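What follows is a single structure, written as structure tokens, with notes after it.
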Amino acid sequence: MDYQLMGKFYKEMLDKEQYNSALSIRDMLNDLMKFRGGRIYNSFLNNHAPFEKSLTNSTLAQYEYIRNIAPDERIKIDIWSEQNQTKILFWIQDAKTKSDLIGTILQKIGEEDNFTKEGVNSYVKIFKFPEEDEMLDTYLKKLFALLDKNKDAITT
């Protein structure tokens, strides 16, 4: 801890108005990840084709099921808002297939270089927060459009 800096901060916090402002900022920062998760969910609430279902839970926006590609697989995109980044996880929950279907999908839509493979049927893409947040929205629109356009051409 930098005691000199903390001493200056302490003197500022002795002012009740400054202290209350600092508490408000702390509370808002704690809620910012939830807000970001909800904002993503709301942005794609009616525009998440080819995914059939959308869900949200605190810092998570989630899209699942592309029946045209794999009717029996739970293909998902989870978008996690974290303190310094937003993570897109493109994966299959409880995959029945032994093949790397998500890898195949990414190749077919030309996005394989934009994701990092975590395992079979589990790929991730990271956007730094706050500097890449606007790029995130643009990329999600592009990704959903590519998946929707190519859903019938991708075979399992």
Side-chain angles (χ1 to χ4, degrees), residues 1-66 69 73-95 100-103 105-107 109-151:
M1 175 185 330
D2 183 337
Y3 283 97
Q4 188 176 20
L5 181 61
M6 189 53 74
K8 289 179 184 178
F9 182 68
Y10 171 76
K11 286 180 183 177
E12 290 292 323
M13 294 300 101
L14 290 175
D15 178 303
K16 184 177 181 174
E17 203 171 295
Q18 292 277 61
Y19 182 68
N20 286 336
S21 291
L23 289 175
S24 293
I25 290 170
R26 179 202 61 197
D27 293 343
M28 289 177 74
L29 282 172
N30 288 337
D31 290 338
L32 186 59
M33 288 184 292
K34 292 177 192 173
F35 174 82
R36 289 170 42 222
R39 186 192 67 76
I40 292 166
Y41 176 77
N42 289 331
S43 291
F44 295 96
L45 185 60
N46 297 312
N47 191 20
H48 54 268
F51 291 94
E52 293 178 19
K53 188 174 177 184
S54 65
L55 305 159
T56 186
N57 180 3
S58 187
T59 61
L60 169 69
Q62 185 178 77
Y63 306 92
E64 58 184 48
Y65 296 114
I66 306 177
I69 294 175
E73 297 290 357
R74 198 166 173 191
I75 299 172
K76 297 172 76 172
I77 287 184
D78 292 349
I79 304 161
W80 293 95
S81 297
E82 299 173 355
Q83 185 173 348
N84 297 318
Q85 65 185 17
T86 304
K87 179 170 35 172
I88 300 174
L89 178 62
F90 190 17
W91 65 301
I92 299 177
Q93 185 172 345
D94 302 322
D100 190 7
L101 178 57
I102 298 299
I105 292 169
L106 288 171
Q107 284 178 333
I109 65 172
E111 290 298 307
E112 67 274 14
D113 293 337
N114 287 317
F115 281 81
T116 302
K117 184 175 183 173
E118 290 189 320
V120 174
N121 289 311
S122 181
Y123 289 76
V124 68
K125 179 168 178 59
I126 305 286
F127 287 85
K128 294 180 212 160
F129 183 81
E131 56 267 36
E132 296 179 342
D133 208 52
E134 288 182 20
M135 291 170 49
L136 169 68
D137 287 350
T138 302
Y139 185 76
L140 286 171
K141 287 176 190 170
K142 174 187 168 185
L143 182 60
F144 287 156
L146 284 169
L147 289 168
D148 196 37
K149 178 182 173 187
N150 294 287
K151 66 182 182 261

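Computation of the quantities below employed the complete heavy-atom set of this structure, encompassing side-chain atoms and omitting hydrogens, waters and symmetry-equivalent molecules. No experiment lies behind these values; they were computed from the predicted model shown. Numbering of residues begins at 1 and proceeds along the displayed sequence.
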Give a yes or no on this: more than 12 heavy atoms of other residues, nucleotides or ligands lie within 6.0 Å of atom [atom1] of [X].
X: K34; atom1: NZ; answer: no
X: E131; atom1: CD; answer: yes
X: W80; atom1: CH2; answer: no
X: K117; atom1: NZ; answer: yes

Closest heavy-atom pair and its distance - [X], [Y]:
X: G37; Y: S81; value: N-OG, 3.3 Å
X: E112; Y: L106; value: OE1-O, 3.2 Å
X: M33; Y: Q83; value: SD-N, 3.1 Å
X: E132; Y: I126; value: OE1-O, 4.0 Å
X: K87; Y: E82; value: CE-OE2, 3.6 Å

In Å, rounded to the nearest 0.5 Å, how long is the span from [atom1] of [X] to [atom2] of [Y]?
X: Y139; Y: K142; atom1: OH; atom2: NZ; result: 6.0 Å
X: I77; Y: L143; atom1: CD1; atom2: CG; result: 4.5 Å
X: Q93; Y: K76; atom1: CD; atom2: NZ; result: 3.5 Å
X: D148; Y: H48; atom1: CG; atom2: NE2; result: 10.5 Å
X: F51; Y: L147; atom1: CZ; atom2: CG; result: 5.5 Å
X: I75; Y: W91; atom1: CD1; atom2: CH2; result: 12.0 Å

Identify which one of Y41, F127, Y63 satisfies the side chain to side chain contact (heavy atoms under 4.5 Å, CB included) criterion when paired with I79. Y63
Run the side chain to side chain contact (heavy atoms under 4.5 Å, CB included) test on L89 and S122 for me, step by step, so that the C-alpha distance in whole Å, both residues' side-chain angles and the decisive distance to 0.1 Å come before the verdict. CA-CA 7 Å; L89 178 62; S122 181; 3.6 Å; yes
As a quick check of understanding, evaluate side chain to side chain contact (heavy atoms under 4.5 Å, CB included) for E64 and L55, giving each step before the final call. CA-CA 9 Å; E64 58 184 48; L55 305 159; 4.0 Å; yes
Using 30° and 60° as the class limits, which term best fits the ring planes of F90 and F115: parallel, tilted or perpendicular? tilted
Run the side chain to side chain contact (heavy atoms under 4.5 Å, CB included) check on E73 and N121 step by step: do they pass? CA-CA 11 Å; E73 297 290 357; N121 289 311; over 6 Å; no
Pairwise side-chain contact, L140 with I88, heavy-atom cut-off 4.5 Å (strictly under): yes
Looking at Y123, does the NZ or CZ of K125 lie under 6.0 angstrom from its six-membered ring centre and within 45 degrees of the ring axis? no
Considering only NZ, NE, NH1 and NH2 on the basic side and carboxylate oxygens on the acidic side, decide whether R39 and D137 come within less than 4.0 Å. yes
Would a distance-only check, ignoring hydrogens and angles, find a side-chain to backbone donor-acceptor pair under 3.5 Å from D133 to F129? no
